[in-house]
Structure formats: C-alpha cells, structure tokens
Amino acid sequence: MDEFQLSEETAFVVDDITTIIQDTVETTIGSSAYQQNRINQWTSSVVETSLNQLSKLGKPFKYIVTCIILQKNGAGLHTASSCFWDNTMDRSCTVRWENKTTYCIVCVFGLAV
Amino acid sequence: MTTQQPPLSQEILAQCNQQAMEPWGSRKLRQSRQGSISTLRSSLSRDQQQQQHPRYPLLLPRGFLPIESSSRSPNISNPNSPFIRRDLVALTKRFSFGGWLQGSRASFSGLPLHQPVQLENTYKTEPEKGCLFKASKVQKLVQAMLDSYLDGASYNAASGSHLSQILSDMVKSKVKEISPPRYKLVCQVVVGQNRNQGLRVASRCLWDSQHDDFAVAMFQNHSLFTLVIVHGVYCE
C-alpha cells in the first residue's frame with residue numbers, strides 16, 4: 001500500500017489542476033471586459049498565479065503553463081500540441097474559459113522529474 | 001480476495017530470488033506494475049485448473065501467462081502488454097495491491113509476450129557538456145518550416161484544426177531529430193484568423209533553467225497567424 005499512496009501523491013491529477021486554473025482565471029479576469037491595456041497584466045497574472053499554486057502542490061513535476069487571452073470578435077482560433085515525453089507519467093490539461101468579451105485558454109503540461 | 005496459495009516450485013522460487021536482486025529501474029515501470037497486479041490476481045484466483053502452467057500466476061516465468069483465465073474476467077490485463085511482464089518482475093519485491101491504474105488500456109489478444117525491458121539507474125542528473133537544448137537552432141529550424149509550409153496559405157475554419165495538428169506533429173518530429181538525448185519536448189501550435197482582434201499568449205515554466213529552454217517562432221500573413229512554441233525539458 002506504500003507504493004499506491006506514493007503514486008497518488010506524485011500523480012498528475014487533472015481534476016485538481018483544472019479547478020486551480022479555473023479559480024485563477026476567474027479571480028484574475030472575472031467579468032471584466034476585454035481591455036487592450038490590461039491584457040498584459042492579465043496574462044502574466046494568470047500564468048504566475050497558476051504556477052505558484054501548482055508548485056504549492058509539492059508534486060515532483062516540472063510545469064509548463066501557457067495562457068492565451070483572446071478578444072471575442074468572431075475570429076477563429078485553433079490550438080494543438082504535440083509532445084515527446086514519458087506517456088505513463090507526464091500529463092497535460094487544457095482549461096477553456098470565457099466571458100462576454102474574452103476567451104481564455106490555459107494549457108498546463110506536467111513533466112515528471 | 002482470499003484464495004489459498006499453493007506451494008511454489010523450486011524453479012519458480014529461484015527465479016523470483018533472481019528477479020528480486022535486480023535493480024529497481026525507473027518509476028515508469030513501477031507505476032505500470034501496480035495496475036496489472038490486482039487484475040492478474042482477480043482473474044487467476046478464480047481458475048484453479050490451469051494444468052499447463054503453475055497455479056501461482058504472479059510468479060510465472062517470463063514469457064508465460066495463462067490464457068484461459070482471462071476470458072472469465074471482464075477487466076483483464078493484456079498479456080501482450082509490456083505492463084504485465086514488468087509486473088511479474090516487480091511482484092517479487094513488493095506484494096501490494098495498488099489501485100487499478102492502467103486498466104482502462106487493457107485488451108486481450110493472445111499474442112506472445114514481449115521480454116520485459118530492464119532499466120537501470122544511469123546516475124545522470126545533468127546533460128552532457130555540449131548537449132543542451134539549443135533554442136536558437138530550434139528557432140531557426142521552426143521558423144524556416146513555418147515560412148515554407150504556410151507561404152501563401154489562408155485561414156479556413158474547417159481545416160484550421162487539422163492544420164494546427166499537422167504543424168505540431170511536423171515540428172515535433174523535426175525538432176526531435178536535432179534535439180539532444182534525454183530531452184522531452186512539448187510543442188504547442190496556435191493558428192488563428194487574422195481579423196485585427198486583440199490576442200496575447202504568455203507562457204511560464206517551473207523547471208531547471210540551466211538545462212531547460214524554449215524556442216518561439218511566428219508566421220503571419222493577411223489571413224492567418226501561427227505561433228509555435230517548443231519547450232525542451234531535460235529528463236533525468
């Protein structure tokens with residue numbers, strides 16, 4: 001049972017991370033309208049806060065967090081990722097969030113140490 | 001489940017002792033072992049009439065797994081999967097029943113088993129000198145790829161997702177060829193329609209800044225824009 005508990009503590013739990021990211025984006029942007037002069041601050045804040053929260057989980061992972069904030073004006077956007085990693089240990093998680101004027105897409109990659 | 005365990009034959013005991021002395025190997029093996037352990041026991045404990053092979057299934061010699069028992073259990077592990085083989089190696093060290101971590105990938109096909117891969121510690125915590133991820137080289141390569149592939153392209157909503165997937169796979173394979181050994185790669189592609197909307201992409205990483213790096217390339221024309229980010233992360 002030691003091994004199982006250890007793997008629970010060291011596994012990349014997608015649900016927990018999704019919750020963390022959603023809370024972060026909600027706190028940072030919330031219901032604010034898209035503003036060009038604030039977007040720098042929003043993206044930096046989302047990414048930094050997410051990374052701080054992820055590091056507090058204390059799991060043996062290297063994290064890559066990418067945030068895309070996009071104004072809603074009918075333009076199309078596609079994102080894709082391709083990874084060369086350890087399939088059993090490494091995971092990724094993408095969170096999509098929106099309000100009336102803004103889309104926010106956050107991708108988190110966890111690479112086991 | 002509580003089934004009475006039959007006594008082990010001398011041959012199997014000797015093999016188990018030999019396996020127990022082997023190095024532990026990577027965590028990858030360990031995690032994958034746990035999932036298969038419980039399934040093997042659940043499937044084989046019901047079947048006490050395996051005449052062709054020993055009745056203690058978890059300590060079978062490599063390359064051998066009872067086939068008949070799998071048909072009785074709905075959640076059966078794949079005898080062909082390398083996971084089970086590694087379980088057989090690991091069981092001699094730890095006899096714990098972890099949760100079923102890898103079960104969802106299983107399917108039984110009855111093909112011969114592969115030999116398990118023995119991984120030993122390399123005791124390397126840093127890349128070799130001169131074997132770092134070269135961001136400038138990767139950036140030039142990816143930029144050249146984007147310029148040649150997307151020259152004259154226009155945005156199409158139907159094919160945009162397909163284009164982004166193709167690009168990410170293509171960039172990953174090309175960068176893999178030039179990236180140093182023991183580096184994991186994460187390649188992200190963003191393809192969007194150019195309609196003068198506001199957009200910002202930010203990325204931050206929690207990693208070893210001395211050995212890990214990233215490269216960014218961008219392409220833009222009147223109709224679309226494409227952003228490619230490649231992260232190279234050293235794997236100990």
Side-chain angles (χ1 to χ4, degrees), chain A residues 1-8 10-11 34-36 39-40 42-48 50-52 54-55 60-90 92 101-103 105-107 109-113, chain B residues 26-34 83 94 96-99 101-102 155-157 160-173 175-176 179 183-208 212 214 229 231 233 235-236:
Chain A
M1 294 308 285
D2 288 346
E3 278 195 12
F4 178 61
Q5 284 165 1
L6 190 63
S7 68
E8 258 195 349
T10 58
Y34 182 89
Q35 292 172 55
Q36 185 64 31
I39 194 173
N40 277 3
W42 282 345
T43 46
S44 307
S45 174
V46 164
V47 158
E48 272 199 53
S50 307
L51 209 50
N52 279 337
L54 290 172
S55 64
F61 282 97
K62 290 182 180 178
Y63 294 105
I64 298 170
V65 178
T66 306
C67 170
I68 303 170
I69 295 187
L70 169 68
Q71 185 184 17
K72 273 188 179 179
N73 77 341
L77 185 91
H78 302 273
T79 67
S81 66
S82 186
C83 306
F84 176 62
W85 61 15
D86 181 349
N87 232 9
T88 55
M89 305 275 295
D90 303 331
S92 72
T101 54
T102 313
Y103 285 117
I105 301 166
V106 180
C107 300
F109 298 89
L111 304 170
V113 171
Chain B
S26 70
R27 271 186 293 174
K28 172 171 63 175
L29 298 181
R30 184 171 61 198
Q31 271 206 336
S32 62
R33 285 177 195 126
Q34 290 178 352
F83 297 134
R94 298 240 200 279
S96 58
F97 296 108
L101 299 177
Q102 306 284 352
Y155 180 81
N156 183 347
S161 63
H162 188 57
L163 171 68
S164 59
Q165 284 171 37
I166 286 183
L167 270 177
S168 73
D169 284 333
M170 211 164 72
V171 167
K172 183 199 70 179
S173 357
V175 174
K176 203 165 96 175
S179 84
Y183 266 88
K184 294 179 181 178
L185 298 173
V186 173
C187 170
Q188 284 181 275
V189 170
V190 178
V191 171
Q193 189 180 11
N194 200 348
R195 279 188 64 173
N196 292 325
Q197 76 273 31
L199 173 118
R200 182 150 174 101
V201 180
S203 170
R204 205 164 177 103
C205 309
L206 181 68
W207 60 17
D208 182 353
D212 305 329
F214 71 98
I229 313 172
H231 301 266
V233 179
C235 171
E236 288 179 7

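Chain naming here is simple, since letters A, B, ... match the order of the sequence lines and numbering starts at 1 in each. As the structure is a prediction and not an experimental result, all values here were calculated from the model.
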From A:L77 CG over to A:K72 NZ, what is the distance, rounded to the nearest 0.5 angstrom?
13.0 Å

Counting only non-hydrogen atoms closer than 4.5 Å, does B:I166 touch chain A with its backbone (N, CA, C, O), its side chain (CB onward), both, or neither?
neither

OG of A:S44 to CZ of B:R200, rounded to nearest 0.5 Å, is 6.0 Å

Most contact-rich option vs chain B, by heavy-atom pairs under 4.5 angstrom, among A:S92, A:C83, A:A80, is A:A80

Against chain A, work out which of B:L185, B:V201, B:V175, B:N196 has the most heavy-atom pairs shorter than 4.5 Å and name it.
B:L185

Output yes when a side-chain donor or acceptor of A:T101 lies under 3.5 Å from a complementary backbone atom of A:Y34, and no otherwise.
yes

Between A:V47, A:L54, A:N73, A:D90, the one whose heavy-atom pairs under 4.5 Å with chain B are most numerous
A:N73

Once you round to the nearest 0.5 Å, how far does SG of B:C187 lie from CE of B:M170?
10.0 Å

Closest non-hydrogen contact found for A:A75 with B:Q197 is CB-NE2, 3.4 Å

Side chain, backbone, both or neither of B:Y155 within contact of chain A (heavy atoms, under 4.5 Å)
side chain

Most chain B-contacting option - heavy-atom pairs closer than 4.5 Å, from A:V106, A:L111, A:I69:
A:I69

Between B:S164, B:C235, B:S168, which residue shows the highest count of heavy-atom pairs closer than 4.5 Å to chain A?
B:S168

Looking only at heavy atoms and a cut-off of under 4.5 Å, which of A:V46, A:I39, A:I68 has the most pairs with chain B?
A:I68

Short question: side chain of A:D86, backbone of A:A112 - any donor-acceptor pair under 3.5 Å?
no

Name the region of B:N194, side chain, backbone, both or neither, that has any atom closer than 4.5 Å to a heavy atom of chain A.
neither

Over 12 foreign heavy atoms within 6.0 Å of OH, A:Y63
yes

